[in-house]
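Here's the structure we're looking at; comments come further down.
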Amino acid sequence: MTEEKLPLRSENYSEWYNQVIQRTEMADYAPVRGCMVVRPYGWALWENIQQALDKRFKATGHQNAAFPLFIPMSFLEKEKEHVEGFSPELAVVTIGGGEKLEEPLVVRPTSETVIGYMYSKWIKSYRDLPVLINQWGNVVRWELRTRLFLRTLEFYWQEGHTAHATEQEAEEETRRMLDVYTDFAVNEAAVPVIPGMKSATEKFAGAARSYTIEAMMGDTKALQSGTSHNLGQNFARAFDIQYLDQNNALQYCWTTSWGLSTRFIGAIIMTHGDDQGLKLPPRLAPIQVVIVPIYKNDEERGKVIPVVEKVQQMLTEFRLKVDDRTEVTPGFKFNHWEMRGVPLRIEIGPKDVEKGSVALARRDIPGRDGKQFVSQEGLAAVVSNLLKDIQAAMLEKARAFRDANIHEPKDYAELNTIVQNGWALAHWCGSVDCEARVKEDTKATIRCIPLENGQGKGKCIVCGQPAEQKAYFAKSY
RNA sequence: CGGGGUGUGGCUCAGUCCGGCUAGAGCACGCGGUUCGGGACCGCGAGAUCGAGGGUUCAAAUCCCUCCGCCCCGACCA
């Protein structure tokens, strides 16, 4: 256990990020460069994310399945854009069981290809459609520069893969799942994301169209936090995913894919974290409430512990932890659990035993202002309401921060200034050249063309030509 | 992959330029005691083939050669 304070976010954001993760025991570096070990506390958060998403996937008619880790190299090569996009970051197995393989196997970077192959076997008739399958798993992409959770060689995610009879249905599915992600991000993680469409340069390799939810991190950089792709008929044609329609005519399917990864943990850390450490949204926090007993000696301990146990019994509906360690002081425990982002702390000491009270301290409001003393009676209801308040307050705070750092530039020079420390929302004519110029001049990219507030005529911020849409420009992770 | 930096107990580092006793410190860890409502303190203790390999030397963490890892900055990406 380390005692020192974290680096200040304002002084060294990336160092703050690294240390928060390691010191809260969310993850650690693995012996292989670029790989991470997700430790129990980080994985517990991921499990809560999984549950929140999986519930939504099931509610929208999807089923889970598992596809293989290895994909024949030739599969990747079937879709031209796909192979171009992914070949630089593939891990390839060439030896198996001591023998050189006849055909190299790719460790899946994503599963469109194997799943496409299977779908072509399974789908014969319009009666088989739609196919709505999701997979929870891991994938490998050989990244050169890695960061815990944000970009690692191997990461965990879910990938949904669906096949439909019509283009319209596929587009509806793509948008439906983007809505699911948005709902999850906003209402479970308190991360106020902006849903939008990716530009052609930023879209998924092989997609007709990509949608994204973009979140603003505490340093104002953007993080693509989930994506949903309308694959058109690209993979259906590459893998012969065909069906007979009502008129006995052979048709290609329309497919989609959508994914959200452990990267989202990074989004939670960087959206809510402060100089004290993590700040986890109550709905996803592995520990929602921590009880710290306070006593000076065995006599006081004898009085306090029974009350702690009583209170614990009252709060069984919450994910609760009692920190009854004797080797560290209460003050140490306060900092310990604050760094780990536990939304609510309950202190129970001799005074509380006397008065029938407890002390409550909110993680989202530091110091005395976030502390209150309440009666032990009816505590469950008070805690429940408080957790809801905290959840709402965190979302509101994140939203206010985001909005305060989004600006609409009047001219190109101003766009330049804005993206140095925030997001710019500006008209864009849609040309690749204008997009590329912004990137070259400022390092900022188009994060998305927002679904809301993205229309309306104007002039392209770069070239001055007429533009029908707006885009967010920002530096990103 | 290019440019820069760095490797010394679990962590952060000193020592390296100018070779020389048993390689130090703080934190973390173990034991004992005093503490305990915002990161306690004292005492004792355990823990290192100084990134790896080779060379120079009576003697190498320190000088020379080769290799490797990691970090930062750039080109590619969920």
Side-chain angles (χ1 to χ4, degrees), chain A residues 1-7 12 14-15 18-19 22-23 28-34 84-90 109-110 138-147 149-159 181 198 201-205 207 210 212-215 222-229 257-267 276-277 292-298 300-301 304 323-339 345-355 357-361 366-368 370-371 373 439-440 443 445 476-477:
Chain A
M1 227 154 300
T2 321
E3 271 195 32
E4 276 166 46
K5 292 204 164 180
L6 290 164
N12 192 344
S14 59
E15 193 49 35
N18 277 326
Q19 288 201 23
Q22 290 186 75
R23 287 170 54 180
D28 202 353
Y29 291 102
V32 177
R33 180 197 70 88
E84 279 174 12
F86 280 104
S87 59
E89 42 183 332
L90 294 179
T110 176
N138 54 342
V139 287
V140 168
R141 298 180 188 177
W142 213 263
E143 300 290 349
L144 299 175
R145 281 188 70 179
T146 61
R147 301 202 62 192
F149 290 119
L150 299 182
R151 184 171 297 110
T152 45
L153 289 203
E154 180 191 21
F155 59 88
Y156 303 87
W157 73 344
Q158 61 63 221
E159 45 178 327
Y181 288 153
K198 280 290 180 191
T201 28
E202 296 280 331
K203 79 172 173 58
F204 176 74
S210 287
T212 175
I213 49 171
E214 295 286 324
L223 184 73
Q224 179 175 310
S225 307
T227 48
S228 187
H229 314 291
S257 68
W258 27 275
L260 187 145
S261 75
T262 38
R263 171 181 255 202
F264 201 91
I265 293 175
Q276 204 57 237
V292 177
I294 290 155
Y295 48 82
K296 285 193 185 28
N297 48 46
D298 282 352
E300 283 185 0
R301 185 183 150 86
V304 167
D323 189 350
D324 54 0
R325 288 179 293 175
T326 53
E327 68 272 22
V328 288
T329 61
F332 182 92
K333 294 176 186 176
F334 297 168
N335 287 284
H336 179 88
W337 295 111
E338 275 169 15
M339 191 184 293
R345 179 178 74 240
I346 300 179
E347 301 169 22
I348 301 175
K351 289 178 208 161
D352 299 301
V353 173
E354 257 175 56
K355 294 184 203 161
S357 64
V358 300
L360 299 178
R368 212 157 282 170
K371 224 159 159 170
F373 297 87
K439 187 173 181 185
E440 205 172 309
K443 308 262 188 248
T445 52
S476 71
Y477 278 100

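All figures in this text were calculated on a predicted structure; none of them were measured in a lab. Below, chain A is the first sequence line, B the second, and so on; all start at residue 1.
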>> Applying a 4.0 Å non-hydrogen cut-off, can you work out what Lys351(A) is touching in the nucleic acid: base, sugar-phosphate, or nothing?
In response: base
>> Distance check, P atoms only: G43(B) and G38(B), in whole angstrom units.
In response: 26 Å
> Roughly how far apart, to the nearest Å, are G30(B) and C13(B) at atom C1'?
Replying inline: 24 Å
>> Rounded to whole Å, please give me the gap between CG in Asn12(A) and C1' in C71(B).
In response: 12 Å
>> Any side-chain N or O of Thr329(A) below 4.0 angstrom from OP1/OP2 of A40(B)?
In response: yes
> Ser210(A) and side chain to side chain donor-acceptor pair (under 3.5 Å): which partner among Lys198(A), Lys203(A), Gln224(A), His229(A)?
Replying inline: His229(A)
> What interatomic distance, in whole Å, is found between P of G2(B) and the corresponding atom of G47(B)?
Replying inline: 43 Å
> Across the strands shown, which category fits Gly259(A) at heavy-atom distances under 4.0 angstrom: base, sugar-phosphate, nothing?
Replying inline: nothing
>> Just the rounded figure in Å: distance from C1' of A78(B) to NE2 of His229(A).
In response: 8 Å
> What is the nucleic acid contact for Leu260(A), judged by heavy atoms within less than 4.0 Å: base, sugar-phosphate only, or nothing?
Replying inline: nothing
> Taking the P atom of each, how far is G15(B) from G24(B), in whole Å?
Replying inline: 16 Å
>> Expressed as a whole number of angstroms, how long is the span from Asp298(A):CG to C36(B):P?
In response: 13 Å
> With a distance cut-off below 6.0 Å to the six-membered ring centre and an angular limit of 45° from the axis, does Arg345(A) pair with Phe334(A) as a cation-pi contact?
Replying inline: yes
> Would you say Gln158(A)'s side chain and Leu260(A)'s backbone share a donor-acceptor pair under 3.5 angstrom?
Replying inline: yes
> Between G39(B), A78(B), G37(B), which nucleotide gets closest to the side-chain atoms of Glu347(A)?
Replying inline: G37(B)
> So which nucleotide from A78(B), C36(B), G38(B) ends up closest to the side chain of Phe334(A)?
Replying inline: G38(B)
> For atom P, what is the distance between A28(B) and C42(B), given to the nearest Å?
Replying inline: 11 Å
>> Only Watson-Crick and G-U wobble pairs with both distances less than 3.5 Å should count. Give RNA chain B in dot-bracket notation, marking inter-strand partners with |.
In response: ((((((((.[[[[.)....(...]]]].((((((.....)))))).....[[[[[..)....]]]]])))))))....
>> List the residues meeting ring-ring contact (aromatic ring centres under 6.0 Å, His included) with Phe149(A), not counting sequence neighbours, and say none if there are none.
In response: none
> So, Arg263(A) side chain and Leu150(A) main chain: donor-acceptor pair closer than 3.5 Å or not?
Replying inline: yes
> Within the structure shown, what part of the strands sits under 4.0 Å from Glu338(A) by heavy-atom distance: base, sugar-phosphate, or nothing?
Replying inline: base
> Contact class for Phe155(A) (heavy atom, under 4.0 Å): base, sugar-phosphate, or nothing?
Replying inline: base
> Does the G38(B) base have a donor-acceptor partner in the side chain of Arg368(A) within less than 3.5 Å?
Replying inline: no
> Mind checking the P distance from A61(B) to G53(B)? Whole angstroms is fine.
Replying inline: 13 Å
> Hey, does the side chain of Asp323(A) reach the backbone of Arg325(A) with a donor-acceptor pair shorter than 3.5 angstrom?
Replying inline: yes
> Which sits closer to the 5' end of RNA chain B, Tyr477(A) or Thr326(A), going by the nucleotide each is nearest to?
Replying inline: Thr326(A)
>> How many whole angstroms separate atom CZ of Arg345(A) from atom P of G38(B)?
In response: 9 Å
>> Taking any heavy-atom pair under 4.0 Å as a contact, classify Asn297(A): base, sugar-phosphate, or nothing.
In response: nothing
> Side chain of Asp352(A), backbone of Gly349(A): donor and acceptor closer than 3.5 Å?
Replying inline: yes
>> Return whichever of Ala359(A) or Leu153(A) has its heavy-atom-nearest nucleotide of RNA chain B closer to the 5' end.
In response: Ala359(A)
> Whole-Å distance between G38(B) C1' and Ile294(A) CD1?
Replying inline: 9 Å
>> Around atom CG of Asn297(A), are there more than 12 heavy atoms from other residues, nucleotides or ligands closer than 6.0 Å?
In response: yes
>> Can you measure Trp142(A) atom CH2 to A78(B) atom P for me and round it to whole angstrom units?
In response: 18 Å
>> Between G39(B) and A75(B), how far apart are the two C1' atoms, rounded to whole Å?
In response: 44 Å
> For the residue pair Tyr181(A) and Gly259(A), what are the closest heavy atoms and their distance?
Replying inline: OH-N, 3.0 Å
Listed pairs, N/O of protein and of nucleotides 72-76 of chain B, under 3.5 Å:
| unit_1 | atom_1 | unit_2 | atom_2 | d |
| --- | --- | --- | --- | --- |
| C73(B) | OP2 | Arg145(A) | NH2 | 2.4 |

> With rounding to whole Å, what would you report as the distance between G9(B) and A23(B) at their P atoms?
Replying inline: 15 Å
>> From OH of Tyr29(A) over to P of C11(B), roughly how many Å is that when rounded to an integer?
In response: 14 Å
